[in-house]
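To start, the structure itself, in structure tokens.
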Amino acid sequence: MHEKILILDFGSQYTQLIGRRIRELNIYSEIIPWNKAPELDESVKGVILSGSPFSVRDEKSPTPDLDRYRGNVPMLAVCFGAQYIAQNYGGSVEASNTREYGRAHLATINTESRLLQGMTEGSQVWMSHADTIQSIGDDYRLICSTNDVKYAGFESTTDETFAIQFHPEVYHSEEGTKLLENFTVKICGCAQDWTPQSFIDETVGKLKDKIGNDKVVLGLSGGVDSSVAAVLLHQAIGKNLYCIFVDNGLLRKNEFEDVLQSYQDMGLNVKGVRAANRFYSALAGISDPEGKRKAIGKTFIEIFDDEANQISDVKFLGQGTIYPDVIESVSATGGPSATIKSHHNVGGLPDFMKLEVVEPLRLLFKDEVRRVGRALGIKQSILGRHPFPGPGLGIRILGDITEDKVRILQEVDHIWINGLKAHDLYDDVWQAGAILLPVQSVGVMGDERTYEQAVALRAVSSTDGMTADWCHLPYEFLGKVSNEIINKVKGINRVVYDISSKPPATIEWE
Ligand code: XMP
């Protein structure tokens, strides 16, 4: 078991950020809802208490039992955590007259504190709190203040417990990483040896132990997550990994052949299944977005099940699930939220498949998956791909789907994506795609009047797809692509560019 920092989540919007900052220091961290706090074991080198939307003065506010940790491992309490320590260990917390929110500067620093070593007076920190710590217990000493907040930081004189009112995990806290490094490396003694290679070695070892000589079946999508999951499983069990890559007739131009070829080059045992017609039949006449998603998901499952049944004695189902999909977060209304996001590109697999699930990436964030993929030698053309929805072009053709519409959209998408690549814009864009609109408009080509369809181009910047902004691409480039599309793709005489952000719009149109 790799050594780790345990992060107890009290529902702060920044909790995931704490996890990421620690991992960026090559130290493994895990986020656990506060009321599921585990017993201490020897893998835990330190505990961090997160912030929270709650006030410690609130009746319903979290009441973690810290006794199992305090005095046994170092603890860093952030924001709400710091207030909880003050309030419950001899100090007091009051509502402050003004919300202390945004930039502040550390006016005094006690550099004898091991937590603050190497930090400089005047350093900018990020505050976000409504309550103020009025006093701290007798067994605590003040270690830093801002002009407005006296107890910006304090530490225990009897054990290795540290508390700070500001958020070191936020980029605006200039020396936040230094503080987190002091805590994890100097105080907790973490070895900083959690690297992509160590993750690969440990994961492959665990997969070998778990799977033994049994068989695993895995659906590949052409995307980063399923590809990295497949290569890890392949390293562990070789030919006992059976991959299935389905052409649902809604992929991009040449995608089936190109991606299948890359998988074969990677040495994977992959079966390509051409099933476009089955999907088109299932979709015939359906124009409602959710109806289309359901039809696509159901058809995928039928095909996947048929294929899996052709391989005898399969025991496991491999999936490319990643950390944000499984992380349990504490909701703002109290307790861990009831729903854990379950995200399967294939729309979920039914119980009748009776396969045990293996998810080698379930503890990694997306950028970590990419780093592991790089260490595994996976090609940049797969690692750097824009996200592409499971239902593919099916939810980018507004209204019902026909083979002809798919062909038109594939041509448009091909020009759009190749244009971005040719102008070195592809990697600056988080996701791009084209949408076929159910709109006809009048145009003129040569001496002839045309009455053809319109297409929308979409390119967004984002970090996780939850929020997004439209990309401000150069006009000349957009003009060039628009011309090329109208000249080359029969059936299209008008191109528009989508300038909506998410929210209030979404990335996909359906
Ligand atoms: P929206 O449109 O909700 O999309 O802003 C956010 C991200 O999710 C992708 N997306 C999907 N992915 N199945 C998927 O696997 C789906 O049904 C689906 N719908 C949207 C979308 O492409 C974007 O990356």
Side-chain angles (χ1 to χ4, degrees), residues 218-229 244-252 255 259 279 282-283 286-301 303-304 318-327 339-349 359 361-362 365-367 369-370 382-399 401 409-410 412-413 416-417 420 426-437 456-471 498-510:
L218 178 136
L220 288 168
S221 69
V224 182
D225 303 340
S226 67
S227 306
V228 174
I244 296 169
F245 180 43
V246 178
D247 177 7
N248 58 9
L250 303 165
L251 299 175
R252 287 159 288 189
E255 184 169 15
V259 173
F279 283 88
L283 284 163
I286 305 179
S287 36
D288 167 62
E290 287 314 300
K292 290 196 278 185
R293 278 193 172 83
K294 278 200 192 110
I296 295 166
K298 184 163 170 281
T299 310
F300 184 91
I301 287 163
I303 292 167
F304 192 80
Q319 288 196 324
T321 317
I322 64 171
Y323 204 31
D325 302 330
V326 295
I327 210 166
T339 47
I340 304 170
K341 270 195 285 170
S342 67
H343 174 104
H344 303 290
N345 271 339
V346 296
L349 290 167
E359 300 173 315
L361 307 175
R362 63 180 281 119
F365 290 107
K366 188 91 177 180
D367 51 334
V369 174
R370 288 210 167 91
I382 287 192
L383 294 181
R385 300 184 102 205
H386 289 174
F388 187 60
L393 300 182
I395 54 168
R396 293 186 182 163
I397 294 170
L398 305 198
I401 294 168
L409 187 57
Q410 280 178 335
V412 173
D413 179 86
W416 176 220
I417 299 296
L420 287 165
Y426 185 82
D427 291 332
D428 299 338
V429 169
W430 191 78
Q431 182 172 11
I435 300 98
L436 188 64
L437 306 181
L457 304 181
R458 182 97 166 115
V460 295
S461 57
S462 178
T463 49
D464 51 13
M466 303 298 286
T467 58
D469 198 5
W470 61 281
C471 291
D498 182 351
I499 55 166
S500 350
S501 60
K502 173 183 179 176
T506 52
I507 296 175
E508 304 293 346
W509 280 40
E510 287 197 334

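Remember, it's 1-based here, ligands and their atoms both numbered in the order they're listed. Any value given below was found using the heavy atoms of this structure, including those in side chains, with hydrogens, waters and symmetry copies removed.
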Quick check on contacts: which atoms of ligand 1 are under 4.0 angstrom from a heavy atom of [X]?
| X | result |
| --- | --- |
| Pro391 | 13 (N), 16 (C), 17 (O) |
| Lys502 | 1 (P), 3 (O), 5 (O), 6 (C) |
| Thr506 | 1 (P), 2 (O), 5 (O) |
| Gly390 | 12 (N), 13 (N), 14 (C), 15 (O) |

### Message
Check this for me, if you would: do Glu510 and Arg396 make a salt bridge, where the nitrogen-to-carboxylate-oxygen distance has to be below 4.0 angstrom?
### Response
no
### Message
Between the side chains of Asp469 and Lys502, is the shortest nitrogen-to-carboxylate-oxygen separation below 4.0 Å, so that they form an ion pair?
### Response
no
### Message
When you compare ligand 1 with Ile507, is there at least one nitrogen or oxygen pair between them that comes in under 3.5 angstrom?
### Response
yes
### Task
Report yes if some N/O of Gln431 lies less than 3.5 Å from some N/O of ligand 1; otherwise report no.
yes
### Query
Which value, rounded to the nearest 0.5 Å, describes the distance between Leu393 atom CG and Asp413 atom CG?
6.0 Å
### Task
With Glu359 as reference, evaluate Asp225, Thr321, Ile322 under the side chain to side chain contact (heavy atoms under 4.5 Å, CB included) test and give the passing residue.
Thr321
### Task
Quickly, which of Lys294, Glu508, Arg293 forms a side chain to side chain contact (heavy atoms under 4.5 Å, CB included) with Pro391? Name it, please.
Arg293
### Message
Using side chain to side chain contact (heavy atoms under 4.5 Å, CB included), reason through Leu437 and Ile435 one step at a time and then give a plain yes or no.
### Response
CA-CA 6 Å; Leu437 306 181; Ile435 300 98; 3.9 Å; yes
### Message
Tell me the nearest of Glu510, Arg458, Arg293 to atom 19 (N) of ligand 1, using heavy-atom distances.
### Response
Arg293
